[in-house]
Structures are given as structure tokens and as C-alpha cells.
Amino acid sequence: MPELPEYLQDLNPEQLAAVRHEGGNLLILAGAGSGKTRVITTKIAWLVRERGVAPESVLAVTFTNKAAREMRDRASAIDPECARAYLRTFHSFGAWFLRRNAAAAGLDPNFTIYDDDDSTTLLHGTAPDLTRAECGRLASRIARAKDYGLAPDAPDLEARFPDRNFRRLYAGYEKRLRETGNVDFGDLILLPARVLRDDEAIRNRFHQRFRVILVDEYQDSNVAQFELLKVLAGGGAYVCVVGDDDQSIYRFRGAEVRNILEFPEVFPGTEIVRLERNYRSFQSILDVAGAVVARNEGRLGKTLKAVKAGGPKAKLALLADQDEEAAYASRVAEARASRTGRWSDTAVLYRTNAQSLAFEHLFNKRGIPYRIVGSVRFYEREEVKDALAYLAVLSNPRDEVNFRRVVNKPSRGVGDTSVQAILEAAYASDGDLLSASRGAGPLLKTAKSRSGLSAFVSLVDGLRGLLDAPGEGRPLSGLVERTVKDSGLAEYHRDQDEIAGTQRAANLDELVNAAADFELSPAGLAEFLETIELDRRLSDQEESLEAVTLITMHNTKGLEFPVVVVTGLEQGLFPRDDDEGEDLEEQRRLFYVAATRAKEELHLCSCRSRLLRGRRADFLPSRFIHEIPPGLYETLGGRLPAPAPEGPWKPGLPVYHDDHGSGYVIQVKAGPPDSGPLVFVKFETGRVLQFFPKFTRKLEALK
DNA sequence: GTCGCTTCCTTTTTT
DNA sequence: AGGAAGCGAC
């Protein structure tokens, strides 16, 4: 038997089989920490080196930019040729496709990408009688519809979105969005799939271009992405997907585990390889994670076995409130850092971004360096979005959302009435808001609005001139700087900073710096805006920072840390009280993901009370804690309170309340002494209220 | 049209 | 707690 090339020698038999598989299609079921990234990157290298596959014909799709970068780095470390393979997120692949085929998709080639907030604004423009909050909820349902591949004219739209008006509002939004020439996130998947289906020439070109398609984190792909994959692979490409049904945590965003289950049917000749050896965690950690996820009914089921047997038991810390929780986390991080000298060994995980606050406060106080992943993003700050909005209008003058945002910011006396008149004029012609603004003088009622608008027009024209001036190799930062200055944003925020003690002007400077790597040209500008929209990190340095990581559980996908502190394990927070069925199972998977990030130490924290939206609320430990066999962890800080007290009041019990109507009990807690149990009821109205049955006659148990 | 005050309502989770 | 909508005064 010939000796294996060096880069294949350390693979276990299953990994090797996955790497060397060819012919039909391949589904890799890869448990947490089983080396799936290694398998994918090695497979790319193997195809290029051993099978003569051109790297350009390999497309590898991931879900996050971080994962895409890591994959590129690791593949090119094996073979530099691999750097020419096409590694991207689904969304950036879609954007790349649409820039090159803008006309076929009915878009402006310099389109910008609307985020959720922009979509809400656009929708608000088409449905002014709804509140902004309602538009926000509606916008997220439209986004969901797109995740499912449902256009406004889809026959089965009502099946999933029964709301009477939904189709009409969705159609109105879509029409307006097409008029702007821009796209939202969902379009980055939907439109490429549509173009490929409808245009034979483009389809053939892409079928010839990509002969191998790899998809990472396949369990979190949605229906639209599955459709895109199918049409991309339709020319006989080799398809290999990697996923873990136990780590599917984006169902709320339209992810479909069925994509895994049905893969072998849709892609005939599929072989399945299972990777069940875990190289990351001690067995003691896998036992805890596995105990919770094992309660789920809808799973393929697999047994993950740790290469590192044994290991210290997980610690369960029962704490008074979020301040004690932060103190506990800081002790864990300090103990670790004093042993290894590395703050970066420790990560603190939480369910919602708002929970980071207590940790930030205390870490600041104790001088513990930390970095927050996600949360309040730089590019979502108001001043930064304003500056970007000017640039977006330069890039695409039909961009209604960003035009609205900046035409009167800082205020120039151009109010709602004037904006409405300009929009109507624009939509009556070609939709170009800048040319509509130039001719809008007679439409405006006051002298102030006329002079304000003309100031805006000459501002934008000046910037446009800079953008269109010929000249190679100048950096885009010059344009961004001029934009920030000439618009008056810089001055406005400098003044505000003095009053409020903020540092918004500095953020604007930062934005100017970020543009230094891009070229001053319309294409360079579009690229800059796209990079920001799809990859919202400020810089690379934050990843290598020597600091404790504060991060949501969702954001930890694909990461690992020697020490992991999972916080907020309280019933009502994680899982939420209204989680049941599939929602509850998704939360168990989220717990599984969180716990399996830990290599050496796993800490679980549960607070008895916590500040929530400005109010103090009492909690019992999460049901997930009760789902772990007590022998698998060590309890610190007191006794585990018993689960909800027994009695006539039990979760699930139907009830009737004189004032609130019918509902059912979702939770029962021990109340203060002599007050009897505290009962949480969810009513048909959707409200959740709590009662002491001992003190009220209005609440009645049915049946 | 703008500014500032009051009230109400909220949020999981993210490309 | 903090932000957004709604309202009244300039």
C-alpha cells in the first residue's frame, strides 16, 4: 500500500474516507469538535493536488465570514494553490453573483444591501399608517418568507403566513425595493437562484465554472439556500455538505433541518460519512452536553466519543443575581489567567446581548481585559450609518431609504412634506432621487426648504464629482472624509460630543480609516459598502486580542475555548417560558452548542434573581439543569432548589380568569412564605401574567 | 419644521 | 433601562 502524503497522515479513518470520497455526492454528519473544518480544507487540497481539480472550479460556502477566512487560511496552508478556490459565505457569493449579473436580476450594478433596519424604513414608506414597530415585525416576516423562498406571488404564501394583509404588504415592499435598484439580505439568495433558473446562458456558464461545491454548517441552511444549491449543482457538480443536526440553532431564521434529512433524496447517489470522534473536549463535558440534547425527539441521534477521556466535572454555580454571576465569571477567568497567563483562554457565554452589561461593568472595575463579539456593532451606530447613507446615495441615486436618512441630516429645513413631494416626483419618472431633487424647487412650499434642498444637491454633486474624477489608485478614504466634513456631520457630532461626552466624531474618523483599503471609484465604493454590510467587523486585530471573550451562544458556533462559562441558566430566560415543542428542542441544541465549545473546563451559572428591562425578576434554575444527571456536575454556592412545587397548579393546566379570559399555566414557582405558589399564566391574548391563587378568586382552574 | 417632553413598549438569537 | 412614537410649544 503506497505511503499516504504527509497532509493526510494524521486523519482518522472516517476523516480520510470523507476526504478521499468521490463520484456521487457526500453528506458528512460531523459532531461537535470532530474536525470538520480540517476535513473540508484537506479535501479541497486533496482535490487540487491529487485529482487535478482546478482551484477556481471549487466553491466552498460557509455561514460566517470568520469561518470563510479560517477555511481559506487553513486550505492554503496545506497548498498555496487553494487560495484560488472560491470560499465565501452564502450571502457574499450572492452579492458577487448579482454584481456580475445585475441586469439579468433587474438591479443597479452599484446596488447597496439593505439591512433589517433599512428594510423597516422602506416598508414604513409604503405603509405609513403602520407604526415603525409594526413595520419592523412585518419586515422580519418578509425576511422569513424570503428564507423559505416564497415570493409575494407564491401560491402557498398563506399556508405559512396566514395574515390577510401579508401578501399585499409584502408585494408593496417588494415593488418599492425593486424601484430602488437595491437588495435586502434575502434577495442575495433568492435572486441568484431565480436568475440561474431563468437564464440558460448564465446557468451554463456557472455550471462550467463550479465543478465542486462544498457547504459547511449545512444544518443551518434555509430553503432558499437549498434551492440555490440545487440549481448551482444542476450541471453535474460534485456536492459535499457538512452538518450536525444537533447544532441546528437558526430555525427562527428559516433554517430547515429537513435540508439534511432530504439531502440524499435530492442528490442521488449520496454517501454518508459520520465523524463521531471528538478531539476538543473532555468526555466529562460531552456527557453534560449530551444529557440535555438527548431529551430531544427530533434528532438523527449519534454518539460523540471524546478522545480525551475523563476530565474534571462541570461546575454548577448557584448565584444571587447577575452581579454575583459576573463576580463568579471574573474569578474563573482570573484563576485561569494566573495559571496560564492568558485571559483569552476564557469565554463567557450568554443568551441575549443585553446580558453582557454586568460583565462589562465588573471587568472594567477589576481591570480584566475583554472583547465583546457582536452586540452594538460599530457600523450600526447612528453617526456611522448616517455617513454611510450619504455614500449609498452617491453609489445609487435611487436609494430611497438612505436618501430619506440624509436629505435633512443635519437638519436643513427639508421636512417630511418636502421629502414626500420629491419622492413622488422621482417615482413618477425614473426613480432617480437626485435628479428629482434638482427639479423639485417649484414643488416646495417654503423658501427655507428650497435653499436647504439646493444645499443638499450641491453637496452631493460635489461629492459625485470627486467620485467620478478620473485617476487610478487613489484611496476611497478621501471621499469619505469629504463626505463627513462637507455634510456637516463631523461638526455636528463634535458639538454633540462636547455636550454629551460621547465620541461620535472619533467614530467618524474611524470610518474614514476603514475606507483606506478601497479604491476611489464607483466600483470601489460599492465594494466598500458591501463589505461593511456583509462583514461587520471593524478590523482583524480584535480577534487576536489577549482578552476574555464575551459572546452570545449563537455567535460561538465553530469556536472553542479552554474554559467556558455558560451564564443565565434560568427558567424563563434559557429556555424562555413559552418555548415548547420545536422551540424548546432548538434551545436544547443551543445549550449543546454552548457546552461543547469548552475544551477543559465547563462552568454553568444560574441566578436566583436578575434585572430584566429595569425590573428585578426572580427565577428558578433552568429545566436544562434538571435534565443533567446530578452525578455529572459539582454544585457550588448552595443547594439546587427543587423544581416547581407539586399541587393543583401545574404547567399546561387550562385556566380561566375573570378579566383576562382563557389561558393555560406555563410555570409554577414557590412564592414567599404563606402566600402559596406563584402561578404564571399565558392567555389567549398572548399576555403572560402571574397570580397568587391563594389571594385571588378571579383565577379558576378548568377541568 | 424643529425641539423637547411624556408615555409606552420592548427583544432572543443574525447573515 | 433606554429608545421610539406622539404631542405640544416655539
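In what follows, chains carry the letters A, B, and so on, assigned in the order in which the sequence lines appear, proteins first and then strands, with residues in each chain numbered from 1. Just so we're clear, the structure is a prediction, and the values are computed from it rather than from any experiment.
- When DNA chain C is scanned in the 5' to 3' direction for atoms under 4.0 Å from non-hydrogen atoms of chain A, the outermost contacting nucleotides are C/dA1 to C/dA5.
- Under the stacking criterion of a centre-to-centre distance below 5.5 angstrom and an interplanar angle below 30°, A/F252 sits stacked against the six-membered ring of B/dT13.
- Rounded to whole Å, the distance from CD1 on A/I189 to P on B/dT15 is 13 Å.
- Rounded to a whole Å, the CG atom of A/N353 is 10 Å from the C1' atom of B/dT11.
- One interatomic measurement links the two molecules: NZ of A/K66 to P of B/dT15, which rounds to 10 Å at whole-angstrom precision.
- Rounded to whole angstrom, the span from the CG atom of A/D187 across to the P atom of B/dT15 amounts to 18 Å.
- Cation-pi geometry between A/K365 and A/F363 is not satisfied (NZ or CZ under 6.0 Å from the ring centre, within 45° of the ring normal).
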Using a 4.0 Å heavy-atom cut-off, write out nucleotides 1-10 of chain B from 5' to 3' as B (base contacted by protein), S (sugar-phosphate only) or - (no contact).
-> SS-------B
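- The CG atom of A/D245 lies 11.0 Å from the CD atom of A/E585; values are rounded to the nearest 0.5 Å.
- Summarising the geometry, atom CG belonging to A/L362 is positioned 11.5 Å from atom CD belonging to A/E324; distances are rounded to the nearest 0.5 Å.
- Between A/I113 and the options A/L534, A/I532, A/L529, a side-chain contact (heavy atoms from CB on, under 4.5 Å) holds for only A/L534.
- An OP1 or OP2 oxygen of B/dT14 is reached within less than 4.0 angstrom by no side-chain nitrogen or oxygen of A/T64.
- Of the residues A/V257, A/V242, A/D244, A/L229, the one that meets the side-chain contact (heavy atoms from CB on, under 4.5 Å) test with A/Y218 is A/L229.
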